[in-house]
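We're numbering straight along the sequence, starting at 1. Just so we're clear, the structure is a prediction, and the values are computed from it rather than from any experiment.
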Amino acid sequence: WGEGLPMSSGFRTLLYKEVLRFWKVLVQTVGAPVLTALLYLLIFSHVLEDHVQVYPGVSYTAFLMPGLIMMSLLQNAFANSSSSLIQSKITGNIVFVLLPPLSYLEFFLAYLLAALIRGATVGLGVLLVGLFFADIELRHPLWILAFALASGAVFACVGIIAGIWAILFVDLAGVQNFILMPLTFLSGVFYSFHSLPPFWQNV
């Protein structure tokens, strides 16, 4: 964090540990999700670009990009907080987080901010790669940033809850496969939300 930021604060120390945890394996935690989003982009845009027009005057690739960015941001915000907690519980080193005099708020904010940093990093990576494939016009960037951070915070919180609740990695896989994945594909990432039947729109 630099010489000007002493590590005497438990909150800063835990935040540093959580950021360092995913930063040291950047290829896996950031590179792989960006590559996955790029594959989605290449496959769907190549197959559907000439056949689907969701909105008049908007190419399918340009429509796809914001959804892929948000999907990547949300999934990685969830994954960071949930995997960190379950890994600490299984290996037994969570005791070293629980014993120091950290308040509940410090504990919560450290995991939340680290998850947001990872999610935002992945989202930014997808955006930068996507600029090579689509002309993206960023209108109202402050609203985009606010919405991205608020949504990422919600999914980071869900990850914290899931990480505290889960006993094994398979429990987290259940949350990802039976809750997050259906929500992802029902959210209108790959098509207009309004094309869904009313029942699924309500879901």
Side-chain angles (χ1 to χ4, degrees), residues 19-83 112-156 158-159 172-173 175-197 200-201 203:
V19 172
L20 193 64
R21 190 186 72 87
F22 80 82
W23 201 262
K24 288 180 74 73
V25 285
L26 211 60
V27 173
Q28 178 185 341
T29 55
V30 175
V34 171
L35 178 61
T36 300
L38 177 61
L39 291 173
Y40 274 126
L41 179 65
L42 290 174
I43 293 168
F44 279 92
S45 63
H46 176 71
V47 172
L48 299 175
E49 179 72 40
D50 298 328
H51 305 287
V52 176
Q53 186 181 53
V54 181
Y55 297 107
V58 179
S59 70
Y60 183 71
T61 306
F63 166 79
L64 194 58
M65 276 306 304
L68 285 177
I69 293 168
M70 283 301 296
M71 181 183 78
S72 302
L73 188 155
L74 299 179
Q75 287 179 343
N76 283 276
F78 171 86
N80 198 75
S81 54
S82 61
S83 65
L112 174 70
L113 290 175
L116 266 180
I117 291 169
R118 175 176 166 184
T121 303
V122 173
L124 183 61
V126 175
L127 172 62
L128 294 176
V129 170
L131 290 175
F132 291 101
F133 298 93
D135 293 326
I136 304 171
E137 185 180 353
L138 294 177
R139 298 183 183 179
H140 309 293
L142 291 179
W143 279 114
I144 293 172
L145 181 63
F147 185 76
L149 292 179
S151 303
V154 169
F155 273 70
V158 173
L172 285 186
V175 175
Q176 289 175 316
N177 292 332
F178 296 107
I179 298 176
L180 297 184
M181 190 60 71
L183 287 176
T184 296
F185 283 96
L186 288 173
S187 66
V189 172
F190 303 104
Y191 51 83
S192 172
F193 174 78
H194 300 290
S195 64
L196 287 173
W200 290 110
Q201 287 189 33
V203 170

>> Apply side-chain contact (heavy atoms from CB on, under 4.5 Å) to residues M65 and F133 and explain how you reach the verdict.
In response: CA-CA 9 Å; M65 276 306 304; F133 298 93; 5.9 Å; no
> For F155 and L73, what are the C-alpha separation, side-chain angles and deciding distance, and is it a side-chain contact (heavy atoms from CB on, under 4.5 Å)?
Replying inline: CA-CA 9 Å; F155 273 70; L73 188 155; over 6 Å; no
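- Shortest non-hydrogen contact noted between P33 and Q28 is CD-O, 3.6 Å.
- You'll find the side chain of Q75 stays beyond 4.5 Å of the side chain of V122, heavy atoms only.
- Minimum interatomic distance between L116 and A153 (heavy atoms only, all atoms of both residues): CD2-N, 3.5 Å.
- Between atom CG of residue L113 and atom CG of residue L149 there is a gap of 10.0 Å, rounded to the nearest 0.5 Å.
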>> Run the side-chain contact (heavy atoms from CB on, under 4.5 Å) test on M71 and V126 for me, step by step, so that the C-alpha distance in whole Å, both residues' side-chain angles and the decisive distance to 0.1 Å come before the verdict.
In response: CA-CA 10 Å; M71 181 183 78; V126 175; over 6 Å; no
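- Atom CG of L68 and atom CG of L41 lie 6.0 Å apart (nearest 0.5 Å).
- The minimum heavy-atom distance linking A62 with P66 is given by the pair O-CD, 3.1 Å.
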> After noting the C-alpha distance and the side-chain angles of L74 and S151, does the key distance pass the side-chain contact (heavy atoms from CB on, under 4.5 Å) rule?
Replying inline: CA-CA 7 Å; L74 299 179; S151 303; 3.6 Å; yes
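- Across R21 and N80, no two heavy atoms sit closer than the pair NH2-O, 3.0 Å.
- One distance of note links CG of L138 with CG of L131; it measures 7.5 Å at 0.5 Å rounding.
- Summarising the geometry, atom CZ belonging to F132 is positioned 11.0 Å from atom CG belonging to L38; distances are rounded to the nearest 0.5 Å.
- Using a 4.5 Å cut-off on side-chain heavy atoms (C-beta onward), N76 and F22 make no contact.
- When all heavy atoms of A77 and G152 are compared, the closest pair comes out as CB-O, 3.6 Å.
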